[in-house]
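What follows is a single structure, written as structure tokens, with notes after it.
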Amino acid sequence: MSHVEHLCDRTEALQLDRRKTREEQRKEKIFNDKVRTTGVDKDALDQQVKERREKEQREADEFNAYANDLMCGDRVACILDQRQKKDERLLNEAITQFRQQFQQASSRREFDLNDPELLKRQEGMEILPGLTGEDLALTDRRRKQKDQLRAWCIQQQQEREESKQHLKQEVHQYDQSRLSLDNRALELQKMEEQCKKAAAAATKDFNLALAAEIRQRRLQERREEEENNQTDILNQLNGDLLTENPEQSASVLGLSRLRRDCYKGMTPKELQHYTQYQQQQAEEKKRASLQQREKEMQEYNSRMASARTALLLERQQARANKELRRALDNTNTRLAQDHDAQQKHLQVVYTNIPEDRYFAQFKSSNR
């Protein structure tokens with residue numbers, strides 16, 4: 001008889017295994033002295049591990065970036081080295097070519113002493129005197145070389161002495177120019193100090209004279225201001241403003257204009273004339289208001305008549321539209337009845353419905 005596993009048995013087995021696992025973990029925690037006494041902060045440890053891994057990853061990224069920079073620098077250095085070698089090779093080739101073209105052995109000053117083809121170019125001598133390889137002009141050539149070397153040494157000593165004398169002369173001229181410039185600077189400094197003293201004295205004298213002039217001008221201005229004030233007071237006391245002269249209100253622009261600063265009011269005659277003028281203006285205003293009211297009434301009546309006419313026209317148009325709509329409906333009804341009758345007639349007359357082979361016979365040829 002085969003064993004059959006049920007779902008409830010599997011669930012109980014899983015629960016039993018889970019309970020055993022928790023019990024083993026609990027025993028491990030309880031019987032571990034280090035964990036039981038000190039305790040472990042797993043979150044803090046996980047955070048430390050995470051930080052350490054991030055630090056290692058950051059260091060690895062920095063190392064890779066540094067390595068990439070080094071590789072880039074090495075490539076640049078190699079390219080520059082190759083370019084420098086190429087430039088040196090081209091320069092050496094150019095120097096060699098220049099020497100071959102413009103600095104040949106035959107153009108040297110001492111070529112006549114070391115010319116291997118000298119004896120071959122000598123005319124009239126087919127067989128050299130003496131032994132083979134013997135130089136008969138050796139003594140004379142060495143003497144000439146010594147004389148030439150002595151002349152070169154004397155010339156170099158003379159040039160060296162001349163350069164020393166020229167250098168001493170230049171140093172002496174430089175010292176003389178420095179002394180002259182220093183003396184000139186002292187003279188200019190003394191002249192500048194004298195000019196400053198003279199300018200200060202002149203400025204002082206000018207300031208004193210200017211101050212005296214300003215004091216004198218202020219005294220004169222104060223005296224003139226006092227005189228003007230006294231004259232103004234007298235003019236005000238004796239003027240038309242305080243004396244109230246009626247003629248002072250007349251303007252120079254005409255009799256119809258008045259001076260506002262000297263006007264003292266209207267006379268009785270002017271008041272009477274002004275009252276009559278106001279009454280006349282009030283009557284004119286009342287008459288104008290009556291005319292305006294009559295005009296507004298006329299406009300209102302005309303607007304009302306226009307509105308009444310428009311309303312009548314609108315009603316007449318509505319009646320016409322209604323009649324037109326009724327006639328159109330009758331026409332549409334009659335057309336619908338005719339259409340229905342035609343359809344019924346067609347159904348009675350046309351009873352043979354075409355099949356697909358009827359339509360297939362069209363466009364069956366290229367013609």
Side-chain angles (χ1 to χ4, degrees), residues 62-201:
E62 292 178 356
F63 179 77
N64 293 330
Y66 180 70
N68 293 330
D69 293 339
L70 288 178
M71 292 176 65
C72 183
D74 292 338
R75 287 196 294 270
V76 172
C78 292
I79 293 172
L80 293 176
D81 189 16
Q82 293 176 1
R83 188 177 298 173
Q84 184 178 2
K85 290 181 179 179
K86 182 179 178 181
D87 294 340
E88 290 179 356
R89 180 171 56 79
L90 294 176
L91 180 61
N92 293 330
E93 291 178 357
I95 291 173
T96 303
Q97 186 178 4
F98 178 79
R99 287 176 178 175
Q100 290 177 359
Q101 292 180 359
F102 303 102
Q103 293 183 352
Q104 298 180 0
S106 59
S107 62
R108 296 179 183 175
R109 184 172 56 183
E110 64 276 6
F111 179 72
D112 57 346
L113 302 177
N114 301 320
D115 188 6
E117 304 293 334
L118 178 62
L119 297 178
K120 294 181 181 181
R121 289 198 301 269
Q122 290 180 356
E123 297 178 358
M125 295 183 65
E126 296 180 358
I127 301 174
L128 294 176
L131 299 175
T132 304
E134 183 180 4
D135 189 4
L136 300 178
L138 178 63
T139 305
D140 189 14
R141 185 171 66 253
R142 287 182 177 177
R143 182 178 55 79
K144 289 181 180 180
Q145 288 178 355
K146 289 180 181 180
D147 294 340
Q148 188 177 11
L149 183 60
R150 188 181 300 107
W152 285 353
C153 292
I154 293 171
Q155 183 179 1
Q156 288 179 359
Q157 290 178 358
Q158 291 177 356
E159 291 177 355
R160 191 179 297 109
E161 292 294 334
E162 289 178 357
S163 63
K164 288 181 179 180
Q165 292 295 331
H166 184 66
L167 181 60
K168 289 181 181 179
Q169 186 176 1
E170 288 181 353
V171 171
H172 181 69
Q173 291 178 358
Y174 178 73
D175 294 337
Q176 292 295 330
S177 63
R178 288 291 302 274
L179 289 174
S180 61
L181 289 174
D182 293 340
N183 295 330
R184 181 62 179 170
L186 291 174
E187 292 178 359
L188 291 175
Q189 187 176 2
K190 291 180 181 179
M191 292 173 62
E192 184 178 2
E193 291 178 356
Q194 293 177 358
C195 291
K196 286 182 179 180
K197 290 180 181 179

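Throughout, numbering of the chain's residues begins at 1 and tracks the sequence.
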(request) For D140 and R143, run salt bridge (charged side-chain N to carboxylate O under 4.0 Å, His left out): C-alpha distance rounded to whole Å, both residues' side-chain angles, the deciding distance at 0.1 Å, then the answer. (result) CA-CA 5 Å; D140 189 14; R143 182 178 55 79; 2.5 Å; yes

(message) Within this structure, what is the CD-OG distance for the pair Q158 and S163, rounded to the nearest 0.5 Å?
(response) 12.0 Å

(message) Tell me whether R142 at atom CZ has more than 12 heavy atoms from other residues, nucleotides or ligands lying less than 6.0 Å away.
(response) no

What side-chain donor-acceptor pairs closer than 3.5 Å can you find for residues 91-101, not counting sequence neighbours?
from, atom 1, to, atom 2, distance (Å)
N92, ND2, E88, O, 3.1
E93, OE2, R89, NH1, 3.4
T96, OG1, N92, O, 2.8

(message) When you measure from the side chain of D81 to the backbone of A77, do you find a donor-acceptor pair of N or O atoms at a distance under 3.5 Å?
(response) no

(request) For Y66, check ring-ring contact (aromatic ring centres under 6.0 Å, His included) against everything at least two apart and list the hits. (result) none

(request) Could you grab the distance from atom CD of Q173 to atom NE2 of H166, nearest 0.5 Å is fine? (result) 8.0 Å

(message) For a 4.5 angstrom cut-off between non-hydrogen side-chain atoms, does L80 reach Q84?
(response) no

(message) Filter on salt bridge (charged side-chain N to carboxylate O under 4.0 Å, His left out), then keep only pairs touching residues 152-169, sequence neighbours left out; what's left?
(response) none

(message) Under the rule for side chain to side chain donor-acceptor pair (under 3.5 Å), what residues qualify as partners of D147, not counting sequence neighbours?
(response) R150

(message) As an exercise, state the distance from OG of S177 to CD of E170, rounded to the nearest 0.5 Å.
(response) 11.0 Å

(message) Does anything in residues 180-198 form a salt bridge (charged side-chain N to carboxylate O under 4.0 Å, His left out)? List the pairs, not counting sequence neighbours.
(response) R184-E187, E192-K196

(request) Write out all pairs satisfying salt bridge (charged side-chain N to carboxylate O under 4.0 Å, His left out) with one or both partners inside residues 70-80, taking only residues at least two apart or from two chains. (result) none

